[in-house]
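Quick one: structure below, then a few questions.
When a residue number appears, it is its place in the shown sequence, counting from 1.
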Amino acid sequence: QVHLVESGGGLVRAGGSLSVSCAASGKILSVNDMGWYRQAPGMQRELVASITTGGSTNYADSVKGRFTISRDYTKNTVVLLMNSLKPEDTAVYYCNADVVPLDWPRRSSNYWGQGTQVTVSS
């Protein structure tokens, strides 16, 4: 089985910084695109940032210039560094990844982490 385990997050004042990390574990052949989504209370889950196997990144307009996504290909991890945080960044942040498991038929599947809370106080 494949699991995405998140860490980090927490409570920070507006203007501060936080990072959230995610590690893919289990019987994995390869990890393709990885990303972070977030969901605020009463809102739909939205893409925050993503990174491809080639290192291309994509950011939501609301976080451009403030958030940075990076990954460690050897450890199957992805990190979201969040600077200049705003109260509107408050949400549960979810890791997402396309993973090819080691077990046959080795078909790529999409996985989600359990979510980690980020709260930004004003």
Side-chain angles (χ1 to χ4, degrees):
Q1 277 200 344
V2 174
H3 299 279
L4 300 183
V5 180
E6 297 142 342
S7 60
L11 174 65
V12 66
R13 289 186 177 180
S17 299
L18 275 178
S19 66
V20 287
S21 301
C22 172
S25 64
K27 299 171 70 176
I28 295 172
L29 179 63
S30 64
V31 179
N32 298 324
D33 294 357
M34 303 186 80
W36 287 95
Y37 287 72
R38 67 186 180 187
Q39 187 168 20
M43 304 293 286
Q44 288 191 334
R45 192 173 297 189
E46 63 175 0
L47 174 68
V48 177
S50 64
I51 184 167
T52 68
T53 51
S56 297
T57 57
N58 180 47
Y59 296 93
D61 288 342
S62 60
V63 307
K64 282 180 181 177
R66 300 188 298 121
F67 291 11
T68 302
I69 189 170
S70 60
R71 64 188 289 178
D72 184 326
Y73 296 88
T74 63
K75 298 180 180 178
N76 290 330
T77 59
V78 62
V79 176
L80 184 68
L81 175 60
M82 302 176 286
N83 294 320
S84 302
L85 281 161
K86 304 175 181 180
E88 50 263 43
D89 294 318
T90 296
V92 177
Y93 283 69
Y94 296 90
C95 178
N96 180 266
D98 291 326
V99 180
V100 180
L102 195 58
D103 292 338
W104 293 98
R106 295 185 174 176
R107 187 172 297 146
S108 179
S109 296
N110 189 256
Y111 294 86
W112 290 93
Q114 78 283 1
T116 185
Q117 179 70 46
V118 171
T119 302
V120 184
S121 63
S122 56

Please report the C-alpha distance between Tyr94 and Val92 in whole Å, then the side-chain angles of each, then the deciding distance to 0.1 Å, and finally whether the side-chain contact (heavy atoms from CB on, under 4.5 Å) criterion is met.
-> CA-CA 7 Å; Tyr94 296 90; Val92 177; 3.5 Å; yes
Spatial distance of atom OG1 (Thr57) from atom CZ (Phe67) [nearest 0.5 Å] | 14.0 Å
Check whether Tyr37 and Val63 end up in the same hydrophobic cluster, where Ile, Leu, Val, Met, Phe, Trp and Tyr are linked by side-chain heavy atoms less than 4.5 Å apart.
-> no
Which atom of Asn32 lies closest to which atom of Ser108, heavy atoms considered = ND2-OG, 3.8 Å
Expected output: side-chain Glu6 to main-chain Gln114 donor-acceptor under 3.5 Å | yes
Interatomic distance, Lys75 atom NZ to Ser25 atom OG [nearest 0.5 angstrom] | 14.5 Å
Could you go through the side-chain contact (heavy atoms from CB on, under 4.5 Å) check for Tyr59 and Thr68 one step at a time?
-> CA-CA 8 Å; Tyr59 296 93; Thr68 302; 3.9 Å; yes
Spacing of Ile51 atom CD1 and Asp33 atom CG [to the nearest 0.5 Å] | 9.5 Å
Scanning both residues in full, the closest heavy-atom pair of Val79 with Trp36 reads C-NE1, 4.0 Å
Ignoring hydrogens and geometry, is there a side-chain-to-backbone donor-acceptor pair from Ser84 to Arg66 under 3.5 Å?
-> no
How about Val20 and Met82: do any of their side-chain heavy atoms sit closer than 4.5 Å?
-> yes
Side-chain (Thr90) to main-chain (Val120) donor-acceptor, under 3.5 angstrom | yes
For residues Asn76 and Val99, determine if any side-chain heavy atom of one lies less than 4.5 Å from a side-chain heavy atom of the other.
-> no
When rounded to the nearest 0.5 angstrom, what is the spacing between CD1 in Ile28 and CG in Leu102?
-> 9.5 Å
Distance-only, no hydrogens or angles: does the Arg71 side chain make a donor-acceptor pair with backbone N or O of Gly35 under 3.5 Å?
-> no
Gln1 versus Tyr111: any side-chain heavy-atom pair under 4.5 Å?
-> no
Which value, rounded to the nearest 0.5 Å, describes the distance between Leu18 atom CG and Leu81 atom CG?
-> 9.0 Å
Evaluate the side-chain proximity of Pro101 to Lys27: yes if any heavy-atom separation is below 4.5 Å, no if none is.
-> no
Any ion pair linking Lys86 and Asp89 (charged N to carboxylate O, less than 4.0 Å)?
-> no
Shortest non-hydrogen pair, Arg106 vs Leu29, comes out as CD-CD2, 3.8 Å
Going hydrophobic residue to hydrophobic residue with side-chain gaps under 4.5 angstrom, can you get from Tyr93 over to Val12?
-> yes
Would you give the length of the straight line joining atom CG of Leu80 to atom OG of Ser19, rounded to the nearest 0.5 angstrom?
-> 8.5 Å
Leu4 to Ala97 - nearest heavy-atom pair and separation = CD1-N, 3.7 Å
Can you name the closest pair of heavy atoms from Ala14 and Ser122 and give their distance?
-> CB-CA, 4.3 Å
Which atom names give the shortest non-hydrogen contact between Cys95 and Val78, and what distance separates them?
-> SG-CG1, 3.9 Å
